[in-house]
Amino acid sequence: MNYYQKEFLPLVVYQVYPKSFCDGNGDGVGDFKGFESKLNYLKELGVNAVWFSPCFPSPNVDNGYDISDYCDIDSVYGNLEEFKSLIKKMHSMGIKVILDLVANHTSDKHKWFLESKKSKDNKYSDYYYWVDEPLNDWPSHNFGTSVWEYSKERNQYYLHSFAKEQPDLNWTNKEVRKEIKEVVKFWVNLGVDGFRCDVLDMISKDFSILDDSGNGNGPKLDEYLNELFGDENLKHVFTVGECWGVNLERYRKVCGENSKELKSSFSFGHILKHIGESRFIKKDFKFSEFASEMYAWVNATKEDLLYPLVLENHDQPRIVSKYGDENEYRYESATMLATLTYCLKGIPFIFQGQEIGMVNAKYEDISFYDDIETINYYNNRIKTNPETVMEECVFGSRDNGRRMIAWNGEKPKKFWLEPHNLHGKINVENDLNSENSIYKYYQHLLKIRSENQTLIHGDFNEIITSDGFTVYERKDKDKTFYIVCNYKNKTKIDIDLSNFEVILSNYGRKNLKGFSELKPYEAIIAVKQN
Ligand code: ISL
């Protein structure tokens with residue numbers, strides 16, 4: 001086993017979206033006081049690392065992904081001193097701290113940009129990309145319009161790959177690279193253990209490519225990443241890139257053990273199998289395609305790389321609504337999807353609320369939405385497709401992942417985003433009191449994983465995959481595990497598991513005697529000694 005996998009594969013990361021996790025002071029926004037009160041909840045779930053989505057000062061045009069000060073905590077969440085004690089407390093509980101590093105762009109209210117737009121010859125003038133004429137027709141991500149925005153002050157255009165309030169930093173400028181490196185050092189010195197790196201491959205661009213594939217994975221990416229993370233004293237810092245341009249082919253170069261660039265990078269193909277031309281438009285989904293894509297990544301990374309196992313995040317609708325059953329089989333489908341994903345070889349990432357099987361909220365009016373991408377989509381789409389636009393927003397909106405976690409059935413009087421319409425039904429208290437608690441299943445699953453090295457480091461082999469079900473094994477010299485996961489219909493199955501013992505079943509199966517049929521969304525973990 002290489003250093004890399006030994007060090008990082010045991011991580012189980014929980015993503016917190018600070019605004020919506022837990023409101024400790026009743027001002028209608030989540031905060032660190034609230035978060036701290038839930039540390040035991042996370043510890044008992046089996047989590048050993050928390051990734052906080054941006055918690056830095058921000059005008060919140062894109063919910064914190066527009067940062068106005070990289071080295072402070074937004075006062076809505078707490079302050080730097082409180083955050084330092086939180087790091088200590090989390091460490092004392094064996095929980096690592098991962099921050100969101102948004103290095104491709106800042107807020108337009110960041111001091112660097114405010115100065116930069118003043119003139120062509122101040123210290124910050126070249127911190128951003130300024131041009132006399134747009135260089136191409138790239139559309140901005142999520143927001144549709146051109147990436148070039150005119151600024152009267154400089155009589156020039158600046159680049160913004162996302163909203164116009166999120167100008168892109170000019171990474172060809174050495175000073176910019178130094179600044180971001182200082183940010184990394186600042187947090188590492190405070191005890192932070194890692195970074196999730198927002199759209200990090202976009203820091204190197206190729207403007208000569210006319211379509212926006214030039215906006216990412218550019219010619220200098222390896223050089224910049226080496227410079228940022230390559231120092232020996234950052235070897236133990238965990239990094240996971242959100243790098244859409246780093247495909248399987250590039251993965252080994254960027255995330256290999258001997259690379260000094262990144263430790264890992266998300267791949268999202270498997271959770272986007274249900275969407276068509278945009279995230280708001282549905283397409284037919286095949287269970288086999290979902291499983292096979294994850295298996296391809298596991299196979300390609302299994303020797304010496306790290307594959308992040310992810311089902312949801314703050315940009316994605318809820319997995320039960322996508323691939324499961326929100327009604328009759330919510331428990332079964334939530335637990336089956338978790339079993340299939342988190343018994344693979346890789347690093348589990350769990351998004352807040354996933355562990356209680358949250359589903360997409362259903363609201364019929366755009367006033368219940370806040371996400372800038374959803375609102376832009378709605379405003380454009382209403383002109384041509386007024387009948388379907390709300391259904392599309394319900395299906396695809398990023399707010400699906402951003403509604404607050406319901407800790408109990410009481411709806412808060414005030415919250416920055418309309419709480420979930422099912423707040424009274426799908427909440428932590430109800431889940432924990434239910435006979436079919438999804439949290440308890442996750443807890444059990446993660447415990448089995450943490451107690452069995454085979455499930456962390458063992459080999460992976462696909463046994464069979466069809467549109468109806470899939471079976472794979474995890475194996476080492478001591479044990480063989482079979483992971484059996486069924487999709488929505490009952491399925492006859494012809495696999496001899498008579499000498500296996502069931503250690504987890506979402507239908508309460510105790511043994512596999514006479515086992516020949518799988519129930520809807522059934523999941524089984526079975527084991528034998530070798
Ligand atoms: O979610 C997406 C596709 O399903 C992407 O378009 C997504 O916007 C892209 O992955 C970038 O996301 C990240 O950077 C954005 C921010 O809005 C997202 O919340 C963040 O995850 C800009 O910082």
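Numbering of ligands and ligand atoms starts at 1, following listing order.
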Would you please name every residue forming a side chain to side chain contact (heavy atoms under 4.5 Å, CB included) with Ile67, sequence neighbours left out? Phe56, Tyr70, Val102
Any residue meeting side chain to side chain contact (heavy atoms under 4.5 Å, CB included) with Asp108, in chain and number order, not counting sequence neighbours: Phe113, Glu165, Pro167
Will you find, in the side chains of Asn427 and Trp407, an N or O donor that is under 3.5 Å from an N or O acceptor?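 Note: Asn427 and Trp407 side chains miss the donor-acceptor criterion.
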I'd like to know if the side chain of Lys345 and the backbone of Lys302 have a donor-acceptor N/O pair within less than 3.5 Å. yes
Evaluate the ring planes of Phe285 and Tyr323, with Trp represented by its six-membered ring, and classify them as parallel (under 30°), tilted (30 to 60°) or perpendicular (over 60°). parallel
Check: every ligand 1 N/O to protein N/O pair under 3.5 Å:
from     : atom 1 : to     : atom 2 : distance (Å)
ligand 1 : 1 (O)  : Arg279 : NH2    : 2.7
ligand 1 : 4 (O)  : Arg279 : NH2    : 3.4
ligand 1 : 4 (O)  : Gln316 : NE2    : 3.1
ligand 1 : 6 (O)  : Asn142 : OD1    : 2.9
ligand 1 : 8 (O)  : Asn142 : OD1    : 3.2
ligand 1 : 8 (O)  : Asn142 : ND2    : 2.6
ligand 1 : 10 (O) : Glu242 : OE2    : 2.4
ligand 1 : 10 (O) : Trp244 : NE1    : 2.7
ligand 1 : 12 (O) : Glu242 : OE2    : 3.1
ligand 1 : 12 (O) : Asp315 : OD2    : 3.4
ligand 1 : 14 (O) : Asp198 : OD1    : 2.9
ligand 1 : 14 (O) : Asp198 : OD2    : 3.2
ligand 1 : 17 (O) : Asp62  : OD1    : 3.3
ligand 1 : 17 (O) : Asp62  : OD2    : 2.4
ligand 1 : 17 (O) : Arg398 : NH1    : 3.0
ligand 1 : 19 (O) : His314 : NE2    : 3.0
ligand 1 : 19 (O) : Asp315 : OD1    : 2.7
ligand 1 : 21 (O) : Arg196 : NH2    : 3.1
ligand 1 : 21 (O) : His314 : NE2    : 2.8
ligand 1 : 21 (O) : Asp315 : OD2    : 2.5
ligand 1 : 23 (O) : His105 : NE2    : 2.8
ligand 1 : 23 (O) : Asp198 : OD2    : 2.8

Apply side chain to side chain donor-acceptor pair (under 3.5 Å) to Tyr77 and list each qualifying residue two or more places apart in sequence or on a separate chain.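 So Tyr77 forms no side chain to side chain donor-acceptor pair (under 3.5 Å) with any residue.
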